[in-house]
**Student:** 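The structure that follows is given in the form of structure tokens.
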2 protein chains.
Amino acid sequence: MTPNKGNGRPKIKMEKMENESNLNVTFAKRRRTLFQKAASELCILCGAEIAIIVFSPSGMLIHMWTLPARFDIATRLDIKSR
Amino acid sequence: MTPNKGNGRPKIKMEKMENESNLNVTFAKRRRTLFQKAASELCILCGAEIAIIVFSPSGMLIHMWTLPARFDIATRLDIKSR
DNA sequence: TTACCTATGTTTAGTAA
DNA sequence: ATTACTAAACATAGGTA
């Protein structure tokens with residue numbers, strides 16, 4: 001184990017990431033956090049109901065909702081993957 | 001200005017907040033961050049497209065999307081406030 | 001209500017395995 | 001693809017005004 005420097009988290013520019021590998025890792029991390037924050041926390045803490053629809057960088061459709069019964073997003077949108 | 005203690009952020013339990021005033025403030029803060037994170041950052045950094053639909057604790061409908069042209073959520077859902 | 005403060009809790013970019 | 005690590009960046013609950 002070469003001791004790595006461990007420079008911590010750099011500040012990033014708000015623009016599309018160039019490096020595709022980093023982009024995919026970042027997308028996975030942030031998507032996870034987004035869903036957890038949105039679904040688990042905002043819903044539980046505040047009694048909100050949330051639906052999120054995402055097209056990933058590669059065009060994949062991801063969706064989630066915490067709506068108990070108010071309406072059925074998937075049905076009403078007739079969601080299909082591309 | 002009485003010098004306040006500034007105790008910082010306490011850890012909270014993951015359950016519906018009791019205090020309604022705190023709940024509303026927290027909802028506003030988190031909703032803002034959620035939208036900014038979801039829209040501004042995930043979209044810009046990773047080229048994702050996102051739509052979010054939220055019913056607030058008081059039942060108000062809030063929605064946003066960063067979808068350029070893929071589809072029109074509002075139209076397809078025929079969204080109306082309650 | 002809104003806005004600011006602040007210490008602390010949480011996320012995360014880059015890197016490596 | 002995933003996972004772990006680290007330290008800095010960031011979010012945020014409660015308080016104050």
Side-chain angles (χ1 to χ4, degrees), chain A residues 1-67 79-82, chain B residues 1-67 81-82:
Chain A
M1 317 97 146
T2 323
N4 85 22
K5 202 133 115 301
N7 277 343
R9 175 189 180 189
K11 183 165 217 162
I12 58 170
K13 288 173 65 183
M14 276 310 292
E15 61 185 25
K16 182 157 185 181
M17 300 176 78
E18 309 261 339
N19 184 298
E20 194 171 342
S21 174
N22 285 352
L23 186 152
N24 286 327
V25 173
T26 291
F27 178 75
K29 288 175 175 177
R30 282 174 174 262
R31 182 191 57 188
R32 176 189 162 89
T33 302
L34 169 66
F35 282 5
Q36 282 186 347
K37 280 288 188 194
S40 178
E41 296 199 0
L42 197 55
C43 177
I44 292 173
L45 291 174
C46 305
E49 302 179 9
I50 304 173
I52 304 183
I53 301 165
V54 176
F55 282 103
S56 77
S58 58
M60 200 175 75
L61 176 63
I62 308 148
H63 51 98
M64 64 130 297
W65 52 90
T66 68
L67 306 173
I79 282 174
K80 317 178 193 33
S81 297
R82 307 183 319 140
Chain B
M1 312 100 143
T2 324
N4 83 27
K5 201 134 116 301
N7 278 343
R9 176 190 178 188
K11 184 165 214 162
I12 59 169
K13 289 174 63 183
M14 275 308 293
E15 61 185 27
K16 181 155 184 183
M17 300 177 78
E18 308 261 339
N19 184 299
E20 195 170 344
S21 175
N22 285 352
L23 186 150
N24 285 328
V25 174
T26 291
F27 177 75
K29 287 177 176 178
R30 282 175 175 263
R31 182 192 58 189
R32 174 190 164 87
T33 302
L34 170 66
F35 282 6
Q36 282 186 346
K37 280 287 188 192
S40 179
E41 297 199 1
L42 197 55
C43 176
I44 293 173
L45 291 175
C46 304
E49 301 180 9
I50 304 172
I52 303 182
I53 301 165
V54 176
F55 281 103
S56 78
S58 59
M60 198 175 77
L61 175 62
I62 307 147
H63 51 97
M64 63 129 297
W65 52 90
T66 66
L67 306 173
S81 297
R82 306 181 324 136

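Below, each value reflects all heavy atoms present in this structure, side chains not excepted, and no hydrogens, waters or symmetry copies.
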**Student:** Identify the heavy atoms of A:Cys46 and B:Pro57 that sit nearest to each other, and give their distance.
**Tutor:** O-CG, 3.0 Å
**Student:** Residues from residues 36-47 of chain B sitting under 4.0 Å of DNA chain C, heavy atoms only?
**Tutor:** none
**Student:** Please report the distance, rounded to the nearest Å, between CG in A:Leu34 and P in C:dT10.
**Tutor:** 18 Å
**Student:** Identify, residue by residue, the members of residues 9-26 of chain A with a heavy atom below 4.0 Å from DNA chain C, and return them in order of residue number, or none.
**Tutor:** A:Arg9, A:Pro10, A:Ile12, A:Met17, A:Asn22, A:Thr26
**Student:** Does B:Leu34 form a side-chain contact (heavy atoms from CB on, under 4.5 Å) with A:Leu34? I'd like the steps, not just the answer.
**Tutor:** CA-CA 7 Å; B:Leu34 170 66; A:Leu34 169 66; 3.1 Å; yes
**Student:** Can you list everything that forms a salt bridge (charged side-chain N to carboxylate O under 4.0 Å, His left out) with A:Lys11? Sequence neighbours excluded, please.
**Tutor:** none
**Student:** So which atom in B:Ile50 and which in B:Ala38 form the shortest heavy-atom distance, rounded to 0.1 Å?
**Tutor:** CD1-O, 2.9 Å
**Student:** Without decimals, in angstroms, what is the distance between A:Arg30 CZ and D:dA9 P?
**Tutor:** 15 Å
**Student:** How close do A:Pro10 and A:Gly8 get, heavy atom to heavy atom, and via which atoms?
**Tutor:** CD-O, 3.3 Å
**Student:** Could you list the residues that satisfy side-chain contact (heavy atoms from CB on, under 4.5 Å) with A:Asn24, not counting sequence neighbours?
**Tutor:** A:Glu20
**Student:** What pairs with B:Glu18 under salt bridge (charged side-chain N to carboxylate O under 4.0 Å, His left out), at least two apart in sequence or on another chain?
**Tutor:** none
**Student:** Is the distance from OP1 or OP2 of C:dT10 to the nearest side-chain N or O of A:Thr33 less than 4.0 Å?
**Tutor:** no
**Student:** CZ of B:Arg32 versus P of D:dA11: gap in Å, rounded?
**Tutor:** 10 Å
**Student:** Any heavy-atom pair between the side chains of A:Leu23 and A:Lys16 that's under 4.5 Å?
**Tutor:** yes
**Student:** Can you list the stems that include DNA chain C, where a stem is three or more consecutive Watson-Crick or G-U pairs with distances under 3.5 Å?
**Tutor:** C:2-17 with D:2-17
**Student:** Can you check whether A:His63 reaches A:Val54 side chain to side chain, under 4.5 Å on heavy atoms?
**Tutor:** no
**Student:** Under the 3.5 Å rule, do the base of D:dA13 and the side chain of B:Lys29 count as making a donor-acceptor pair?
**Tutor:** yes
**Student:** Quick one: closest heavy-atom pair of A:Ala48 and A:Thr66, and the distance?
**Tutor:** O-OG1, 4.1 Å
**Student:** Once side-chain hydrogen bond (donor to acceptor under 3.5 Å, both in side chains) is applied, what residue pairs with a partner in residues 25-39 of chain A remain, sequence neighbours excluded?
**Tutor:** A:Arg30-B:Glu41, A:Lys37-A:Glu41
